[in-house]
Amino acid sequence: MGLNVDVLRSSFELVVETAPDLTSRFYEILFERYPQARPMFHRRPREQQAKMLTEALVAVVDHLEDAPWLSETLGAMGAKHLEYEVTDEMYGWVGESLLATLAEVAGEAWTDEVAQAWTDAYGAISSLMLAGAENARALAKTA
Ligand code: HEM
């Protein structure tokens with residue numbers, strides 16, 4: 001996929017060590033910038049939500065070189081997100097907020113190279129989720 005795997009792994013490690021609760025900060029930033037997203041997260045307690053997101057990010061970072069895993073797992077996750085009424089546009093909100101969170105926690109370690117690596121990675125992750133959502137929509141039409 002042409003991702004800068006070494007840079008992604010080392011910066012993610014640094015961020016998780018610095019702020020183990022980074023996903024809580026992510027939700028703060030997301031809801032500050034896109035308050036319309038807040039009511040969508042009503043099924044689970046915030047801590048559980050944050051924990052599931054952290055686990056998902058850790059799993060993705062662990063499988064950056066495993067294209068079949070990424071495509072299958074993220075495709076299924078994208079399809080599931082249709083049930084949460086997530087639209088394609090919202091992937092931009094989440095990407096922006098996630099990168100802002102990583103940048104804030106990384107501080108001076110957030111170099112242009114690191115920013116580029118995460119921009120590319122989020123682009124790849126969201127494309128695979130959106131492809132899964134698109135397949136699920138197409139299947140629903142033929143059912
Ligand atoms: C990198 C992209 C994303 C990842 C890794 C991710 C990950 C997750 C995970 C792990 C869950 C827990 C349940 C499950 O597995 O289905 C979840 C739920 C959810 N996600 Fe995402 N997600 C992403 C993008 C988005 C986007 C763009 C939105 C739109 C705002 C969104 C909104 C939601 C909502 C509303 C729920 C359910 C919340 C609840 O149960 O209260 N996600 N997400």
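Counting convention: from 1, in listed order, for ligands and their atoms alike.
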Next item on the list: If you have a sec, work out which protein heavy atom is nearest atom 41 (O) of ligand 1 and how many Å separate them, to one decimal?
Entry: R43 N, 2.8 Å

Next item on the list: Name the closest protein heavy atom to atom 40 (O) of ligand 1, giving the residue it belongs to and the distance to 0.1 Å.
Entry: R44 NH1, 2.4 Å

Checklist line | Which of the ligand 1 atoms, numbered from 1, are nearer than 4.0 Å to a heavy atom of M40 | finding: 35 (C)

Notebook entry, point to check: What's the verdict on salt bridge (charged side-chain N to carboxylate O under 4.0 Å, His left out) for E65 and R9, showing C-alpha distance, side-chain angles and the deciding distance?
Noted result: CA-CA 11 Å; E65 285 150 311; R9 290 227 168 98; 3.3 Å; yes

Check: Closest non-hydrogen protein atom to atom 27 (C) of ligand 1, residue and atom name please, with distance?
Finding: V94 CG2, 3.3 Å

Notebook entry, point to check: Of the backbone atoms (N, CA, C, O) and the side-chain heavy atoms from C-beta on, which set of A37 has a member under 4.0 Å from an atom of ligand 1: side chain, backbone, both, or neither?
Noted result: neither

Checklist line | Nitrogen or oxygen atoms of Y91 and ligand 1 under 3.5 Å apart | finding: no

Notebook entry, point to check: Which heavy atom of the protein is the closest neighbour of atom 34 (C) of ligand 1, given with residue, atom name and distance?
Noted result: F41 CE2, 3.5 Å

Notebook entry, point to check: For ligand 1, which atoms sit closer than 4.0 Å to a heavy atom of Y84?
Noted result: 13 (C), 14 (C), 16 (O), 18 (C), 19 (C), 34 (C), 35 (C), 36 (C), 37 (C)

Check: Should one rank Q49, R38, K80 by closest heavy-atom distance to atom 11 (C) of ligand 1, which comes out on top?
Finding: Q49

Check: With atoms numbered from 1 as shown, which atoms in ligand 1 lie under 4.0 angstrom from a non-hydrogen atom of M52?
Finding: 10 (C), 12 (C), 13 (C)

Next item on the list: Kindly compute the distance separating CG (D66) from OG1 (T73), expressed to the nearest 0.5 Å.
Entry: 8.0 Å

Item checked: Side-chain heavy atoms of L98 within contact of W118, under 4.5 Å -> no

Check: Just which atoms of ligand 1 are under 4.0 Å from any heavy atom in I125?
Finding: 1 (C)

Checklist line | Sub-4.5 Å side-chain heavy-atom contact between N4 and E113 | finding: yes

Note to self: Side chain or backbone, does H42 bring an N or O within less than 3.5 Å of an N or O on ligand 1?
What the structure shows: yes

Note to self: Within the 4.0 Å heavy-atom shell around M129, which atoms of ligand 1 are there?
What the structure shows: 2 (C), 3 (C), 23 (C)

Checklist line | Y122 heavy atom under 4.0 Å from ligand 1 | finding: yes

Check: Does the separation of the ring centres of F41 and F31 fall below 6.0 angstrom?
Finding: yes

Check: Would you call E104 and W110 a side-chain contact if the rule is heavy atoms closer than 4.5 Å?
Finding: no

Check: Only one of V94, L99, L102, V105 clears side chain to side chain contact (heavy atoms under 4.5 Å, CB included) with F26; which?
Finding: V94

Check: How about T111 and Q116: do any of their side-chain heavy atoms sit closer than 4.5 Å?
Finding: no

Checklist line | Test item: Q48 and K51 side chains (from C-beta on) under 4.5 Å apart, heavy atoms | finding: no

Checklist line | Min side-chain heavy-atom separation Y91-H81 under 4.5 Å | finding: yes

Checklist line | Proximal atoms of ligand 1 relative to A56 (non-hydrogen, under 4.0 Å) | finding: 10 (C)

Notebook entry, point to check: Got the closest protein heavy atom to atom 21 (Fe) of ligand 1, with its distance?
Noted result: H81 NE2, 2.0 Å

